[in-house]
Amino acid sequence: MYTGILPLGTMVVHRLFEKGLVYKKTAAVNWCPVDKTVLANEQVINGCCWRCDTVVEKREIPQWFMKITDYADQLLNDLDQLDGWPEQVRTMQANWIGRSEGLQINFKVSGSDLDLAVYTTRPDTLMGVTYLAIAAEHPLSLKEAKTNPELQAFIDECGKLETSEAAVETADKRGVNTGVFASHPITGEQVPVWAANFVLMSYGTGAVMSVPAHDQRDYEFAHQYGLEIKKVIEPANEESCDLKTSAFTNKGRLVNSREFDGLTSEESFDAIAKILEQNNKGERQVNYRLRDWGISRQRYWGTPIPIINCADCGAVAVPEDKLPVRLPEDVIVDGSGSPIKSMPEFYQCSCPKCGREAERETDTFDTFFESSWYYARFTCPENTESMLDARSKHWLPVDQYIGGIEHAVLHLLYARFFHKLMRDEGLVDGDEPFKNLLTQGMVLKDGVKMSKSKGNTVDPQALIDQYGADTARLFMMFAAPPEQSLEWSDKAVEGSNRFLKRLWRFTIEHIEKGTCVELSLDNLCDDLKNIRRQTYKVVSKVSDDIGRRHTFNTAIAAVMELLNTITKFDDDSEQGRAVIQEALEKIILMLSPITPHICHELWQLLGHDKWVVNELWPEIDEIALLQDKIELMVQVNGKLRSKISVSTEADKNVVEELAIADDNVSKFIDGKEIRKIIVVPGRLVNIVVAG
RNA sequence: GCCGGGGUGGCGGAACUGGUAGACGCGCUGGAUUCAAAAUCCAGUUUCUUCGGAAGUGUCGGUUCGAUUCCGACCCUCGGUACCA
């Protein structure tokens with residue numbers, strides 16, 4: 001049901017538009033000429049429409065963008081603040097932002113005043129440039145194509161290529177000579193300009209310099225088309241460099257580079273930058289892989305972008321008092337494109353600036369737009385006047401955010417970006433939205449990601465109906481740690497149900513024997529001390545597993561072990577029963593977050609008035625954990641041969657003597673020279689013998 | 001292609017800081033109980049074995065007294081790759 005709450009988020013667009021952080025430019029989309037609709041990358045299968053199998057075309061259309069690149073440095077640097085985030089996610093985001101330092105270099109197009117600008121992080125290889133590569137749809141390429149049918153055919157063909165990076169990077173590298181030459185900024189040499197399918201107009205300048213000797217892709221391209229390969233870098237150490245088999249891509253020492261000969265790659269960076277800057281042919285530049293965020297979608301189901309297009313005033317933001325723009329609900333969906341694009345009653349309006357007739361934007365927002373700030377909205381959900389109020393400053397940042405690993409880059413980067421935008425608008429405090437992050441692994445079904453969009457989800461209701469919610473919860477938490485991906489199977493659910501039944505039965509039997517006396521810690525026998533030691537070892541492990549490691553499966557396993565121990569333990573003495581009571585209480589407290597219903601019931605049956613949900617997490621009895629003897633394993637040459645029991649106080653010499661004297665150990669060391677004895681306190685003894 | 005994960009018994013997984021590989025559970029096998037079954041309980045369950053042991057954590061190599069754990073190369077697989085969200 002469409003509630004109209006989400007469009008409140010568009011309030012921020014008004015201000016961002018004024019700040020220039022929202023802007024319009026053209027970008028390529030996948031267009032199905034039969035369905036007359038824009039397709040998502042996912043909906044393009046082998047270059048064809050997923051519904052009608054028509055070959056998909058690339059179309060350049062005007063779209064709205066958010067200037068996330070203005071925040072690239074902040075998004076990169078603030079990753080350091082996120083020590084509650086998994087390292088892998090921070091690495092992925094840093095790589096995605098992809099900050100690099102390099103040079104922008106201008107190659108003058110021969111017979112024209114035009115400059116072709118390229119960006120490179122390897123100016124040390126500049127003297128090895130033997131051709132330039134430009135995007136097929138580069139203006140220079142389009143111009144030349146008018147008189148070059150072969151080039152035009154190539155451009156047409158590239159128009160059919162899928163837009164996704166994976167498709168571009170794995171496609172056969174192909175190109176056509178444009179016939180144009182450009183002059184090398186230092187030597188003045190004429191290098192040919194090729195149009196190539198692996199250079200994208202939307203990446204950087206749409207042109208790259210090619211150094212076949214020192215870049216593998218350029219190397220393969222040069223081989224394919226018989227272009228020159230010119231070695232300008234030599235290994236500085238013992239590395240092998242054989243240009244007959246592949247490019248040498250490491251840094252080294254410059255050769256065949258005129259006055260730069262002999263410099264290291266690092267030294268040449270400054271030298272070359274200086275010369276180019278002096279001659280106005282290039283400059284140092286920091287570059288990012290990150291591109292601006294395209295927020296336009298040509299779909300109906302989404303939040304309308306609050307912009308009015310006026311013939312005279314251009315794009316004008318809808319004034320704040322006219323927000324939110326609501327999506328009309330009386331639409332005719334005919335399967336070809338967004339219905340609001342053919343609804344004058346929706347798009348006809350007057351310009352907020354000049355009052356003349358104008359058209360409302362019919363593109364809607366990317367759904368990532370709203371999911372980038374909903375966490376903040378949760379602090380004030382019933383506020384109908386504004387996006388957020390003071391409560392967001394009180395509650396944020398989110399203490400623990402949980403989401404699938406598939407969101408490691410896009411959603412989590414957009415949310416971080418949005419938080420900074422809202423911070424700069426005074427709507428929230430702090431630099432980052434999520435203090436701690438847990439990224440769940442994928443749940444797979446038949447080997448592929450289980451997701452709403454794929455429609456291959458499994459409803460846990462069937463499990464709940466058959467076994468109850470406690471069993472369903474316990475089973476899911478026990479299957480694997482949450483960070484790991486997991487092939488869905490409910491085969492083993494039986495075991496979780498059995499465990500809960502066993503816990504129930506054992507507790508009832510225990511209660512039926514009557515109430516317990518107080519524990520008297522001073523005169524417990526060794527067996528009872530052992531039970532208590534195990535109880536508190538488990539409390540300690542479960543606290544760590546749940547609180548720090550988030551490995552609920554091992555926490556549950558430890559509790560199962562404890563129940564196994566006390567179930568096998570047969571001691572109906574007063575103190576015996578008191579120790580059992582203590583263990584049972586800890587088990588129930590530890591399980592209560594996972595299986596709340598059964599624990600609520602059992603807690604009361606054990607004689608407590610307070611609800612288990614209101615109880616505190618169990619404390620650890622450090623004294624119960626102490627032990628006077630410890631088991632050490634004994635290895636001979638790294639192989640386990642025996643175990644010895646020693647006092648925790650025993651020093652190294654005593655431990656060595658005991659280990660050597662052990663019957664089974666002597667079998668393996670008799671008559672051999674002892675070379676070394678390694679004692680790892682509390683762990684093992686390893687006797688290294690000759691032969 | 002690139003970035004980030006993962007690969008351990010028949011299966012899900014455990015081994016957290018380089019120190020007992022296979023915890024816990026599923027399944028399976030045998031037994032107890034039962035007229036019988038279900039449920040429950042007990043025992044066993046990596047492979048090979050001359051019963052002393054030996055081999056074994058995707059593959060190959062390395063470091064180490066000792067490697068699932070560290071290093072190098074590779075294979076397979078999952079997620080992301082900017083319009084699936």
Side-chain angles (χ1 to χ4, degrees), chain A residues 27-30 38-44 63 68 86-89 91-96 98 163-171 173 198 202 216-217 289-299 366-368 371 403-411 413-414 439 441-442 444 447-449 451-454 475 478-481 483-487 489 491-496 498-499 501-502 505 541 544-545 548-549 551 553-561 564 567-568 631-640 643 667 675-678 680 682-689:
Chain A
V29 293
N30 304 303
V38 174
L39 298 175
N41 285 337
E42 194 196 37
Q43 297 167 330
V44 181
Q63 309 209 61
I68 191 171
E87 195 58 48
Q88 45 151 316
V89 174
T91 304
M92 279 191 263
Q93 292 216 348
N95 290 340
W96 183 265
T163 55
S164 76
E165 191 198 7
V168 172
E169 291 289 328
T170 53
K173 309 287 175 282
F198 55 83
S202 49
Q216 191 58 27
R217 185 179 62 188
R289 204 188 78 95
L290 181 69
R291 310 199 300 258
D292 276 340
W293 174 16
I295 50 171
S296 284
R297 294 293 180 273
Q298 297 70 40
R299 306 188 203 296
D366 174 12
T367 51
F368 272 132
S371 66
I405 185 65
E406 74 274 24
H407 293 302
V409 175
L410 291 182
H411 164 62
L413 192 67
Y414 294 146
T439 46
M442 301 279 85
L444 307 178
V448 295
K449 168 170 94 161
S451 72
K452 283 174 288 182
S453 59
K454 288 207 161 57
F475 163 65
F478 186 55
E483 266 137 324
Q484 199 165 307
S485 62
L486 173 77
E487 170 68 33
S489 157
K491 239 176 61 191
V493 67
E494 209 54 67
S496 295
R498 269 203 286 259
F499 167 72
K501 284 197 281 196
R502 215 142 41 86
R505 230 180 305 122
K541 174 167 177 57
D544 188 48
D545 282 354
R548 178 182 64 90
R549 296 211 302 154
T551 51
N553 58 330
T554 53
I556 293 165
V559 173
M560 285 175 167
E561 257 180 292
N564 287 346
T567 308
K568 287 194 179 94
E631 196 176 60
L632 292 185
M633 56 169 171
V634 184
Q635 297 180 336
V636 177
N637 286 350
K639 288 189 175 166
L640 179 67
K643 287 167 190 172
K667 277 200 284 185
R675 286 199 176 154
K676 191 173 351 176
I677 301 182
I678 292 144
V680 183
R683 283 277 186 185
L684 61 70
V685 183
N686 187 13
I687 302 166
V688 184
V689 296

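Per chain, numbering begins at 1; letters A, B, ... match sequence-line order.
Using a 4.0 Å heavy-atom distance criterion, A:Glu406 is classed as a base contact. Using a 4.0 Å heavy-atom distance criterion, A:Trp96 is classed as a base contact. As judged by a 4.0 angstrom heavy-atom cut-off over every strand, A:Gln63 is placed among the base-contacting residues. Within the 4.0 angstrom heavy-atom criterion, base atoms lie near A:Asn686. A:Lys541 comes within 4.0 angstrom of a base, heavy atoms only. Across all strands, A:His407 comes closer than 4.0 Å to base atoms (heavy-atom distances). Residue contacts shown for A:Gln635 include a base, since a base heavy atom lies under 4.0 Å away. Note on A:Arg299: a base of the nucleic acid sits closer than 4.0 angstrom, heavy atoms only. Across all strands, A:Ile677 comes closer than 4.0 Å to no nucleic acid atom at all (heavy-atom distances). Counting non-hydrogen atoms under 4.0 angstrom, A:Arg498 reaches the backbone sugars and phosphates but no base. Using a 4.0 Å heavy-atom cutoff across all strands shown, A:Ser296 reaches at least one base atom of the nucleic acid. Counting any heavy atom pair closer than 4.0 Å across all strands shown, A:Ala479 reaches sugar-phosphate atoms only and no base atom. A:Glu487 comes within contact range of no nucleotide atom at all, as no heavy-atom separation falls under 4.0 Å. Nucleic acid contact for A:Gly294: sugar-phosphate only, since backbone atoms but no base atoms lie under 4.0 Å from a heavy atom of the residue.
Only the C1' atoms considered, B:rG31 is 31 Å distant from B:rG52, to the nearest whole Å. Comparing the C1' positions of B:rA67 and B:rC60 gives an interatomic distance of 16 Å, to the nearest angstrom. Rounded to whole Å, the separation between the C1' atoms of B:rU63 and B:rG53 comes to 28 Å. B:rC65 and B:rC70 have their C1' atoms separated by 16 Å, with the value rounded to a whole Å. Of the P atoms belonging to B:rU8 and B:rC78, the separation is 14 Å, rounded to the nearest Å. On the C1' atoms, B:rG6 is 14 Å away from B:rU57, given to the nearest whole Å. Separation of the P atoms belonging to B:rA21 and B:rA15 is 16 Å when rounded to the nearest angstrom.
Atoms CD1 and CE, on A:Ile405 and A:Met92 in that order, are 4.0 Å from each other to the nearest 0.5 Å. Taking CD1 of A:Ile677 as the start and CG of A:Asn686 as the end, the distance is 9.5 Å to the nearest 0.5 Å.
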Check your understanding: Under a cut-off of 3.5 Å for both distances of each Watson-Crick or G-U pair, what dot-bracket string does RNA chain B give, using [ ] for crossing pairs and | for inter-strand pairs?
Key -> (((((((..(((......[....)))((((((.......))))))(((....)))..(((((..]....))))))))))))....

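Remark: A:Trp96 engages no residue in a ring pair (Phe, Tyr, Trp, His ring centres under 6.0 Å) (not counting sequence neighbours).
Judged purely by atom type and a 3.5 angstrom limit, A:Asn637 uses its side chain to pair as donor or acceptor with the backbone of A:Val689. A donor-acceptor contact shorter than 3.5 Å is absent between the side chain of A:Glu169 and the backbone of A:Ala166. Remark: the backbone N or O of A:Ile68 is paired with a side-chain donor or acceptor of A:Asp292 at under 3.5 angstrom. At distances below 3.5 Å, not a single donor-acceptor pair connects side-chain atoms of A:Asp366 with backbone N or O atoms of A:Ser296.
Looking at A:Asn41 and A:Ser164, their side chains never bring a donor and an acceptor atom within 3.5 Å of each other.
Between A:Glu165 and A:Arg289 there is a salt bridge, since at least one side-chain N of the basic residue sits less than 4.0 Å from a carboxylate O of the acidic one.
Nearest-nucleotide positions on RNA chain B for A:Val29 and A:Arg683 put A:Arg683 closer to the 5' end. Residues A:Lys676 and A:Asp544 each lie close to RNA chain B; by heavy-atom proximity, the contact nearer the 5' end of the strand is made by A:Asp544.
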Exercise for review: Decide side chain to side chain contact (heavy atoms under 4.5 Å, CB included) for A:Arg549 and A:Lys541; before the verdict, give the C-alpha distance in whole Å, the side-chain angles of both, and the deciding distance to 0.1 Å.
Suggested key: CA-CA 10 Å; A:Arg549 296 211 302 154; A:Lys541 174 167 177 57; 3.6 Å; yes

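Protein chain A touches strand RNA chain B; the 5'-most and 3'-most nucleotides with an atom under 4.0 angstrom of its non-hydrogen atoms are B:rG1 to B:rA85.
Ring geometry, A:Phe368 versus A:His411: the interplanar angle falls under 30°, so the pair is classed parallel (tilted spans 30 to 60°).
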